[in-house]
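To start, the structure under review is shown below, and the notes come after it.
Labels below follow one simple rule: chain letters A, B, ... track the order of the sequence lines, proteins then strands, and each chain is numbered from 1.
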Protein chains: 4
Amino acid sequence: MSPREPVEARPHTGRRRNPAVRRAVLDCAADLLAGPDGMAVSIDAIARAAGVSKHTIYRWWPSKGAVLLEAMIERAQQEVTIPDTGALATDLEAFLADTFRAVEQVAHLLRGLMAEALRDTAAAEGMREFIAARRDELRGLLVRGLARGELPAETDLELTMDQIYGLMWYRLLIVRSPLTTETAVHLSRTVARPGTPP
Amino acid sequence: MSPREPVEARPHTGRRRNPAVRRAVLDCAADLLAGPDGMAVSIDAIARAAGVSKHTIYRWWPSKGAVLLEAMIERAQQEVTIPDTGALATDLEAFLADTFRAVEQVAHLLRGLMAEALRDTAAAEGMREFIAARRDELRGLLVRGLARGELPAETDLELTMDQIYGLMWYRLLIVRSPLTTETAVHLSRTVARPGTPP
Amino acid sequence: MSPREPVEARPHTGRRRNPAVRRAVLDCAADLLAGPDGMAVSIDAIARAAGVSKHTIYRWWPSKGAVLLEAMIERAQQEVTIPDTGALATDLEAFLADTFRAVEQVAHLLRGLMAEALRDTAAAEGMREFIAARRDELRGLLVRGLARGELPAETDLELTMDQIYGLMWYRLLIVRSPLTTETAVHLSRTVARPGTPP
Amino acid sequence: MSPREPVEARPHTGRRRNPAVRRAVLDCAADLLAGPDGMAVSIDAIARAAGVSKHTIYRWWPSKGAVLLEAMIERAQQEVTIPDTGALATDLEAFLADTFRAVEQVAHLLRGLMAEALRDTAAAEGMREFIAARRDELRGLLVRGLARGELPAETDLELTMDQIYGLMWYRLLIVRSPLTTETAVHLSRTVARPGTPP
DNA sequence: TGTTAAACGAGACGGTACGTCTAGTCTTGCG
DNA sequence: CGCAAGACTAGACGTACCGTCTCGTTTAACA
């Protein structure tokens, strides 16, 4: 990611919220987090980088965490498609590969967001909501697989998901090892043993 | 945890490092984190609570993260014994139950430590070291099980461990659901399927 | 002064300046200054109280100081009559009593205006003009008295006026003691010693 | 007044308040007020100029007004001596000349302080205290003159002082005409008519 | 009768200051 | 020397106000 030019030439929009401002803030927040001193980005720094008044940031976002959350969501928006081919093993593999790819791209953001969420309750809540939504997608996938008998009947879905997302966050936040397509393959196999019958 | 009396009556030890100071700092740090406004404890607050000079803290620890790390280690020291009965399923179950119990007791500390580690590289490094040590214990357990054929030969141990510790941290940091003995039982079963042969 | 209703029902006047707007702004500015947190009234507060857009205020007045100045002038307009009975002592007394009465009524405004004038050169200039006009009235009075020999021939008129208006502002801004009719009487006597000959 | 070097090389004093810091703050505050954009000096600007943390300023002074007040007091400290030769006319003249000279030197400070006092009640209170002390000095002088019969027996001392100090502040804040030794002479004559008998 | 020009409300925006907070460094003086 | 006390710098936090801007609506004046 290039160092992003000083934002300029952003015509006023009068009494309407200026979308360019929103863009600039979210982009700069994301970029700064990805930057060299990434961890710990200040609102002042974002405001300065985006050529935006601090006041404007606080007008639209209640806290730093909220800015990072929205920046992350926007960047992660690149559609993790939810496959449904009828075979859990392949669906899960595709879903995870896709998810991991998306997550790796916003790894910096996610770390910064987490740092915020660990101090700011509101940020934590927002993050949990986002996570819950994503979790629902995976649950749907697994439920279908379970219904088709592609998972042991006694499988504890929540536990399974905790293992999957747990591994993801663990690598992201703590050990910082990469989340590759290969990881997705291996992981989906431990969950949906491929030989499991129809 | 009771609100811990104001530390007092700590006689000088002259030119020797005063162990009581170390104790007071670590204890107060841990207690404050567990307290009502837990997240985000300041060095000033710790110093005040411990009746200790900030300077003294910085003489012995390089940063806030280091204090929290050591506090956590001390508290977690309550010996997670590493069982070796010859049966992976039961050993793993015992180990995880023990680990989860210990972790739940220092959950606040771990969250505070993580918040620090996400900003302070040094703290992160210290934490990773501690985590690696703990991981080695689990690896030993699994390796023995693998050697006895209690795990599928093709099992990727690192991935398995990422799943286990991932789940643990995921619940700790993000979803904040409890890590019970039951969790340990279920989890160890998904890893070492009890019926798996010798 | 009653808390002044929320301004409402002010029909548009199209491309003509709306006199009701001017009224509302000046009245609200004056009232807010007289209010409990009087010192330091913001344009936003005036706009809100007057139910007027900030833009409208800045269309008609160049700065906050200008608004306060005009508000003060309007309120002070209650005609300080310039007596000319032929006797300086009584004329001066009447003039001062009248002036003091008027000034006491806009004391809040004058303090607020002064606060502004001490920061904003333009406001200061406007205020000086107003003051100079009022000063001219007093000068006329004194000049006539001097011509009639009711003042010592060597009297320095400017110094005398500085003493009179100085006392007034001094009490207004600094010691905040009241400017009563009695003050006017005493003051006019020290200036135009009543026994002074014809 | 020269632009005052960037303050530097100010050795720590440990747990003792650093007098050099106090000096730097007061000096820079005074200098900035005297500077080209004199009116409206910010705490940030003072801190920057003095090479001092804002926090340090707020540790020792409760508000901007308090800083300006102390800066003014320090600068005005250049001992207005209180003469007592036994002749009111000459004593008063000397006192006023001295006072006016001192006041002219801190005119900028006094204006800035007044601007603050008109918004900040606490600053106003502090200023009033200082003014009252100075007023007491003058009162002593006049009381002695009155006792010696150098003033008309019916003279209202407070009114007289209001006229004197009123003129001073009026010129300082409003008309901005200079307070010269000549002013002192004229003024003292209107108060203590030189020919007034023993 | 339409068209245009200005007044107006709403309120976003950049800039700048406020006063508070924390991390981490430093010095004094006691024991 | 170890330590308590606490001053100090750096810089982030979130709030407030100023004066400028643009939008969309409303009416009066002009074509």
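- Put simply, CH2 on D:W61 is 15 Å from P on E:dT20, counting in whole angstrom units.
- A sub-4.0 Å separation between OP1 or OP2 of E:dA6 and a side-chain N or O of C:R16 is absent.
- Atom SG of residue B:C28 and atom CZ of residue B:R23 lie 10.0 Å apart, to the nearest 0.5 angstrom.
- Side chain of B:K64 to backbone of B:V41: a donor-acceptor contact under 3.5 angstrom is found.
- Between D:W60 and the phosphate of F:dA7, there is no side-chain N or O to OP1/OP2 separation shorter than 4.0 Å.
- Remark: B:T56 is not in phosphate contact with F:dC3, judged by side-chain N or O atoms under 4.0 Å from OP1 or OP2.
- Proximity of a side-chain donor or acceptor of A:N18 to a complementary backbone N or O of A:P11 within less than 3.5 Å is detected.
- Rounded to an integer number of Å, the gap from B:R119 CZ to E:dG24 P is 12 Å.
- Not a single donor-acceptor contact under 3.5 angstrom links the side-chain atoms of D:H55 to the base of F:dC8.
- Here the P atom of nucleotide F:dA10 and the CD1 atom of D:I57 are 12 Å apart, to the nearest Å.
- A cation-pi arrangement is present between C:R17 and C:W60, with the terminal nitrogen or guanidinium carbon under 6.0 Å from the aromatic centre and inside a 45° cone about the axis.
- Of the two residues near DNA chain E, D:S53 and A:V52, the one whose nearest nucleotide lies more 5' is A:V52.
- Per the geometry, CZ belonging to A:R59 stands 14 Å off P belonging to F:dC17, to the nearest Å.
- The base of E:dG11 has none of its N or O atoms less than 3.5 Å from a complementary donor or acceptor on the side chain of C:K54.
- Note: CZ (D:R23) to P (F:dA7) measures 19 Å, nearest angstrom.
- Taking atom CG on D:D120 and atom P on E:dA17, their separation rounds to 18 Å, with Å as the unit.
- Separating the CG atom of B:N18 from the P atom of E:dG31 is a distance of 16 Å, rounded to the nearest angstrom.
- Using modelled atom types, no side-chain atom of A:R10 and backbone atom of A:A24 make a donor-acceptor pair closer than 3.5 Å.
- Residues B:V21 and D:R17 each lie close to DNA chain F; by heavy-atom proximity, the contact nearer the 5' end of the strand is made by B:V21.
- Closest approach to the A:H12 side chain among E:dA10, F:dT20, E:dA23 is made by F:dT20 (side chain taken as heavy atoms from C-beta onward).
- One can place CD1 of D:I43 at 16 Å from P of E:dC21, the figure rounded to the nearest angstrom.
- Side-chain atoms of D:T13 and base atoms of F:dA7 include no donor and acceptor less than 3.5 Å apart.
- Of the side-chain N and O atoms in C:R10, one or more sit less than 4.0 angstrom from OP1 or OP2 of E:dG9.
- Between C:Y58 and F:dG19 there is a side-chain N or O to OP1 or OP2 distance below 4.0 Å.
- Comparing C:R48 and A:R15 by the nucleotide of DNA chain F whose heavy atom lies nearest to each, the residue mapping closer to the 5' end is C:R48.
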